[in-house]
Amino acid sequence: MFESVQINPWGCIAAGVSAFALGGLWFSPMLFSKTWADSVRASGLSLGKPQIAMPISLLGSIAASFLLAVLFSLSGFDSTGRGFLGSLVLAAIVSMYSLADSAFSSSITGRWWWIQWSHRFLAVLLMGTIIGASAPEKITVENALEKATQALEKNIEGLGK
């Protein structure tokens with residue numbers, strides 16, 4: 001039987017914004033901006049327009065974090081450690097496909113792939129860790145009954161005083 005999906009929307013937004021911010025740092029002049037842009041140009045491709053790409057990237061990161069939260073909720077990944085491990089497995093799976101894609105494309109350079117892949121890998125790890133850490137407590141029938149019983153017992157004890 002499927003359990004209900006329980007996610008923390010604020011945790012999802014924080015995870016998506018954090019992954020977006022990581023991209024801002026990753027592709028900044030401090031880190032890989034020049035190398036990445038040179039590798040795109042070397043492949044014969046042209047750079048896109050940041051005013052279009054940035055909002056799409058932010059919305060994509062937030063949407064991805066909500067989808068990851070749904071997956072984690074259904075899988076029971078409800079802690080920081082479980083979120084990290086779950087996102088590590090997911091990032092590794094996606095990495096294998098990304099590597100295969102780059103092997104089929106002669107126009108994509110190794111540097112471009114490495115910069116893109118490492119950013120995506122770290123962004124998924126960051127999102128998964130935040131989502132796991134911010135996951136709400138699972139509400140099950142047994143859990144709810146136990147809490148209700150404890151509250152009732154506490155109220156009965158209070159009546160006897």
Exercise. Do the side chains of W10 and V17 join up, straight or via other hydrophobic residues, at under 4.5 Å, putting them in one cluster?
Worked result: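 Yes, W10 connects to V17 through the hydrophobic network.
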
Exercise. If Ile, Leu, Val, Met, Phe, Trp and Tyr residues are connected whenever their side-chain heavy atoms lie under 4.5 Å apart, and connections chain through other members, are L99 and V89 in the same group?
Worked result: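 Cluster IDs for L99 and V89 differ.
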
Exercise. With sequence neighbours excluded, what pairs up with K34 under the salt bridge (Lys or Arg N to Asp or Glu O under 4.0 Å) test?
Worked result: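 In terms of salt bridge (Lys or Arg N to Asp or Glu O under 4.0 Å), with neighbours along the sequence ignored, K34 is linked to D38.
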
Problem set entry | Sequence-distant partners of R120, salt bridge (Lys or Arg N to Asp or Glu O under 4.0 Å), two or more places apart |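 Testing R120 for salt bridge (Lys or Arg N to Asp or Glu O under 4.0 Å), a comparison that skips the adjacent residues, returns none.
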
Hey, are the side chains of [X] and [Y] touching, using non-hydrogen atoms and a 4.5 Å cut-off?
X	Y	answer
H119	F32	no
L25	L31	yes
W26	S33	no

Problem set entry | Cluster companions of I56 among Ile, Leu, Val, Met, Phe, Trp, Tyr (side-chain spacing under 4.5 Å) |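 In the cluster with I56 are I52.
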
Problem set entry | is_close_aromatic(W114, F121), centroid dist under 6.0 Å |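 Judged by ring-centre distance (under 6.0 Å), W114 and F121 do not meet the cut-off.
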
Sequence neighbours excluded, every pair satisfying salt bridge (charged side-chain N to carboxylate O under 4.0 Å, His left out) that has a member inside [range]:
range	result
residues 51-74	none
residues 55-72	none
residues 22-32	none

Problem set entry | M30 backbone acceptor or donor facing S28 side chain under 3.5 Å |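 Yes, because the side chain of S28 sits within donor-acceptor range (under 3.5 Å) of the backbone of M30.
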
For this session: Mark yes or no for whether N8, through its side chain, and S134, through its backbone, hold a donor-acceptor pair below 3.5 Å.
Result: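 Pair found, side chain donor or acceptor close to backbone of S134.
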
Problem set entry | Of all pairs that satisfy side chain to side chain donor-acceptor pair (under 3.5 Å), the ones with a partner from residues 79-90, not counting sequence neighbours |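 Applying side chain to side chain donor-acceptor pair (under 3.5 Å) to every pair that reaches into residues 79-90, excluding sequence neighbours, yields D78-R82.
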
Exercise. According to the side chain to side chain donor-acceptor pair (under 3.5 Å) rule, which pairs have a member within residues 89-99, sequence neighbours left out?
Worked result: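 Qualifying pairs, neighbours excluded: S95-W117, S98-W113.
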
Problem set entry | Listed partners of S18 passing side-chain contact (heavy atoms from CB on, under 4.5 Å), at least two apart |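 S18 satisfies side-chain contact (heavy atoms from CB on, under 4.5 Å) with L126, I130 once adjacent residues are dropped.
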
Problem set entry | Residues that T35 engages under side-chain contact (heavy atoms from CB on, under 4.5 Å), provided they are two or more places apart |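 side-chain contact (heavy atoms from CB on, under 4.5 Å) check on T35 returns R111, I115.
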
Rounded at 0.5 Å granularity, tell me how far [atom1] in [X] sits from [atom2] in [Y].
X	Y	atom1	atom2	result
F84	M127	CZ	CE	14.0 Å
S73	I7	OG	CD1	7.5 Å
L88	L125	CG	CG	5.5 Å

Identify each donor-acceptor pair in which a side-chain atom of residues 63-72 lies under 3.5 Å from a protein atom, sequence neighbours left out, and give them as a table.
{"residue": "S65", "atom": "OG", "partner": "C12", "partner atom": "O", "Å": "2.6"}
{"residue": "S65", "atom": "OG", "partner": "I62", "partner atom": "O", "Å": "2.7"}

Problem set entry | ring pair (Phe, Tyr, Trp, His ring centres under 6.0 Å) against F20, all qualifying residues, sequence neighbours excluded |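 Not a single residue meets the ring pair (Phe, Tyr, Trp, His ring centres under 6.0 Å) criterion with F20.
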
